[in-house]
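Each remark here refers to the structure printed beneath this line.
Hydrogens, waters and symmetry mates play no part in the numbers below; they use all other heavy atoms, side chains included. Sequence lines set the chain letters: A, B, ... in the order given, protein chains first and strands last, and positions in each chain run from 1.
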Amino acid sequence: MRQIELIADEPRTDNMERASEIVDGLNEAQRQAVTTTDGPSLIVAGPGSGKTRVLTHRVAYLIATGRAQPFHILALTFTNKAAREMKRRIQQLVGDVHATGIWMGTFHSIFARILRREADKLNFTSDYTIYDTDDQDRIFRGLMDQYNIDPRQHPVRAIRSMISEAKTQMISPSEFARVAMSPQQEKAAQLYQPYIETLHRSNAMDFDDLLLKPLELFRKDAETLEKYQSRWRYVHIDEYQDTNQAQYQLTKLLAARHKNICVVGDDAQSIYAFRGADIGNILSFQKDYKEAKVLRLEQNYRSTEKILRLADSIIKNNEKRLDKSLWTENDEGEDVVLMEAISEKDEAQKIERRIRDIYVRGHHYRDCAVLYRTNAQSRSIEEALRRAGIPYRVIGGLSFYQRKEIKDVVAYLRLAVNPHDTASLRRVINFPTRGIGLKTLQQILDYAADRDMTPWAAIEEIEEVGLSARAQRAVKKFATLIAEFRDRAVTEPADEVAREVIRGSGLLDELKREHTTENLVRWENVQELVSAIAEFVESNPDTGSLSTFLQEVSLLTDADDDHTEGDKVTLMTLHASKGLEFPVVFITGLEEGLFPLARAAQEKEELEEERRLFYVGVTRAEKMLFLSTARSRYQYGEQQSCVRSRFLDETAPGLIRTEAGGDFTAAKDRFRMRPGGRVAYDNVDPYYYRKNLRAGSGTSDRAAGRRVVYDEGEGGDIVPGVIVEHDVFGEGKVQAVEGNGQQAKATVFFKTVGQKKLVLRFARLRVIG
DNA sequence: AGAATGGACTTTTTT
DNA sequence: AGTCCATTCT
């Protein structure tokens with residue numbers, strides 16, 4: 001309680017009472033973490049230890065004790081969801097007025113905001129466009145064309161991620177060119193500088209820039225740095241193990257003045273090394289701040305003891321980790337259940353039955369989460385749940401703002417704000433088609449490239465480009481269209497502009513051209529976008545400009561949408577599950593090659609990351625945990641046999657039982673190292689197994705023969721007279737069925753599109769009546 | 001110029 | 001199995 005007596009300026013009794021209320025109900029370690037406000041502190045927090053609680057209470061405590069005004073506080077997270085959750089809790093503790101002034105958000109959104117304010121100092125304008133990977137790829141494709149680099153030999157993705165990696169490591173183009181070894185790296189090095197220039201000319205930033213540009217600014221402009229250093233007296237960072245180099249440097253600079261930096265992290269939950277996260281940052285923290293206090297939150301409030309013991313036995317297989325001893329006062333709980341399935345369909349069915357069972361026993365659907373390694377795995381589970389009539393929601397996959405129809409509208413809106421945005425221009429210059437073909441486009445792009453100008457600048461002087469009269473007319477029409485949108489963007493509210501864009505661009509006609517259910521959904525999505533814009537304008541009357549809206553939606557993820565309403569089972573990747581908890585958790589696809597992924601199993605570092613991912617998944621569970629593995633899985637267009645994951649064999653005995661109720665016995669030393677250090681792998685990994693099958697022609701027949709067997713069950717329910725549902729065509733009635741096995745076809749009469757003949761193997765019809 | 005067809009390739013996780 | 005790309009067709 002001495003802390004509270006230290007309030008210097010105005011020790012108000014109501015605040016003091018509030019402050020002690022805030023720490024009330026916390027355990028000793030948590031209270032320590034909350035009240036250690038001054039100076040650097042590193043909070044090493046295990047899963048389910050109330051880490052978010054500590055952060056929010058700490059912020060509330062700072063305000064209540066008068067140590068800081070809300071705007072003195074910076075709190076950085078990795079997802080919008082985490083930020084929103086923190087804000088909600090702080091509101092409960094200190095009230096709206098105080099909570100709204102806090103600088104709280106994801107790294108990217110906070111620094112996007114800083115860039116808006118400081119744009120002029122960096123030779124940008126504040127209405128810059130944010131490029132996602134899709135936009136980047138569009139730029140790269142153009143550059144590769146220009147530099148005669150074959151995208152078949154050097155995939156765009158590979159080039160993009162190489163350059164992105166270089167950027168996050170803060171390697172300059174010249175440096176990168178020096179260290180480039182492989183032909184692919186050399187190509188990337190060649191494009192690095194032109195890419196930066198293209199983005200600059202387009203007034204665009206990629207995700208990396210959102211962190212690098214502020215860093216650049218703070219480094220070269222001491223005054224600006226000082227401004228933010230003195231504004232943010234208290235800096236908080238959640239999920240510190242996920243910070244990359246740039247984020248590390250940024251926060252180090254920002255906290256340099258007050259040194260009140262509090263970071264919370266768990267090295268065992270680091271699962272984002274693939275995008276540049278550096279666990280080393282946790283270790284460096286203690287080196288950078290010698291006086292740093294290290295606090296540990298080791299009590300787990302979330303899971304049963306058995307689940308926690310399982311998690312512990314998993315993570316113990318990693319060599320690289322900080323020592324932490326997790327414990328809980330919770331019940332021992334039930335055994336973890338391993339479900340061994342024949343195929344991915346069988347797996348899905350087992351899960352579906354379990355969920356029904358659990359539901360009948362009084363749980364809600366929303367208590368259950370099904371986790372998987374790759375997004376593609378959701379399909380079979382969705383199908384099983386749909387068939388059983390169990391409501392579910394899928395998080396991730398294609399997010400709303402990544403849908404084509406939305407991206408098209410957004411591209412036009414971006415052009416209305418900034419016509420020099422090259423990626424958006426390339427996207428829509430001929431969509432909907434308006435007579436600007438490949439050849440015309442190429443001429444414009446060449447003209448622009450020769451003069452180091454943007455395509456839009458070339459279009460502005462289209463007479464000089466030397467197009468045919470017809471092409472020139474078409475381009476001029478496009479230019480007039482965009483110019484018109486630009487004018488409106490200045491005078492009209494953003495949602496009005498959006499409506500006009502949808503009408504004027506021809507996107508509306510495009511969607512209405514064909515009456516399919518697919519197009520109807522697309523149209524609804526577009527309408528939803530318009531209302532989202534309207535809502536944004538209304539709730540941000542001062543800053544609610546179109547460009548701000550566009551910037552903010554670029555930073556949204558599907559997982560951020562707060563659709564917790566409704567009693568539904570949640571399906572998502574293990575990555576997306578981080579930070580969440582559920583009474584009942586299913587972890588699926590525990591097979592070699594899938595989890596751990598084939599490529600990850602080759603490298604020790606990556607394998608350890610996969611293992612941490614498993615650890616994250618297991619620790620999401622509160623009461624019940626189910627693990628599942630399938631003997632075979634339909635993948636990459638063919639049925640493959642699978643081997644159960646080594647992760648299962650690494651677990652401690654006595655924690656897992658099989659469905660039949662027996663003890664699961666792990667096989668030890670399944671993956672012994674050979675003397676050479678490489679794992680004897682080729683026989684077990686389905687990925688390689690499949691490659692071997694392909695290499696020898698004799699064996700591939702065997703594989704084909706096997707596949708037929710699995711296909712036999714297909715289509716049995718589809719007989720003339722039944723009502724079926726198709727993903728695209730909707731509801732229809734089966735008229736006739738012909739052929740069998742892989743060749744089986746059905747003639748179906750659909751309400752929307754009339755009669756169609758479909759190959760059952762591809763059509764994925766669902767019987768609904 | 002634009003639609004339709006055919007083939008190769010891909011499959012990690014995401015701010 | 002879906003996507004993207006190239007080629008061929010109308």
If only atom types and distance count, is the side chain of A/Glu609 paired as donor or acceptor with the main-chain N or O of A/Ala273 below 3.5 Å? yes
Atom pairs, N/O to N/O, protein against nucleotides 2-8 of chain B, distance under 3.5 Å?
| unit_1 | atom_1 | unit_2 | atom_2 | d |
| --- | --- | --- | --- | --- |
| B/dG2 | OP1 | A/Gly435 | N | 2.7 |
| B/dG2 | OP2 | A/Asn430 | ND2 | 3.1 |

Taking A/Ser505 for the side chain and A/Leu507 for the main chain, is one N or O donor matched with an acceptor at less than 3.5 Å? yes
Considering only heavy side-chain atoms of A/Thr374, the closest of B/dT11, B/dT13, B/dA1 is B/dT13
Find out whether the Lys NZ or Arg CZ of A/Lys404 is both under 6.0 angstrom from the six-membered ring centre of A/Phe431 and within 45° of the ring's axis. yes
With the threshold set at 4.0 Å, does a side-chain nitrogen-carboxylate oxygen contact exist between A/Asp137 and A/Arg157? no
Please state whether the phosphate of B/dT14, meaning OP1 or OP2, lies under 4.0 angstrom from any side-chain nitrogen or oxygen of A/Thr573. yes
Rounded distance in Å - CG (A/Asn80) to C1' (B/dT14): 13 Å
For A/Phe78, give me all partners under ring pair (Phe, Tyr, Trp, His ring centres under 6.0 Å), at least two apart in sequence or on another chain. A/Phe107
Which part of the nucleic acid does A/Phe207 contact within heavy-atom distance under 4.0 Å: base, sugar-phosphate only, or nothing? base
Mapping A/Asp208 and A/Arg470 onto DNA chain B by nearest heavy atom, which one lands closer to the 5' end? A/Arg470
Looking at A/Asn375, does any N or O in its side chain come under 4.0 Å of the phosphate oxygens OP1/OP2 on B/dT13? yes
May A/Phe274 be described as stacking on the base of B/dT13, applying a 5.5 Å centroid limit and a 30° limit on plane angle? yes
A/Arg633 CZ to C/dA1 P, straight-line distance once rounded to whole Å: 16 Å
Tell whether A/Arg275 reaches the base of B/dT13 with its side chain through a donor-acceptor pair below 3.5 angstrom. no
So what does A/Phe107 touch, heavy atoms closer than 4.0 Å: a base, only the sugar-phosphate, or nothing? nothing
Are any of A/Arg141's side-chain N or O atoms less than 4.0 Å away from OP1 or OP2 of C/dC4? no
Could you tell me how far apart A/Glu608 (CD) and B/dT12 (C1') are, to the nearest whole angstrom? 18 Å
Set of residues satisfying salt bridge (charged side-chain N to carboxylate O under 4.0 Å, His left out) with respect to A/Glu608, sequence neighbours excluded: none
Using a heavy-atom cut-off of under 4.0 Å over every strand shown, decide if A/Ser109 touches base, sugar-phosphate, or nothing. nothing
Ignoring backbone atoms, establish whether A/Thr440 has a side-chain N or O less than 4.0 Å from OP1 or OP2 of B/dA1. yes
Does A/Arg414 form a side chain to side chain contact (heavy atoms under 4.5 Å, CB included) with A/Ser554? I'd like the steps, not just the answer. CA-CA 11 Å; A/Arg414 283 177 171 182; A/Ser554 310; 3.6 Å; yes
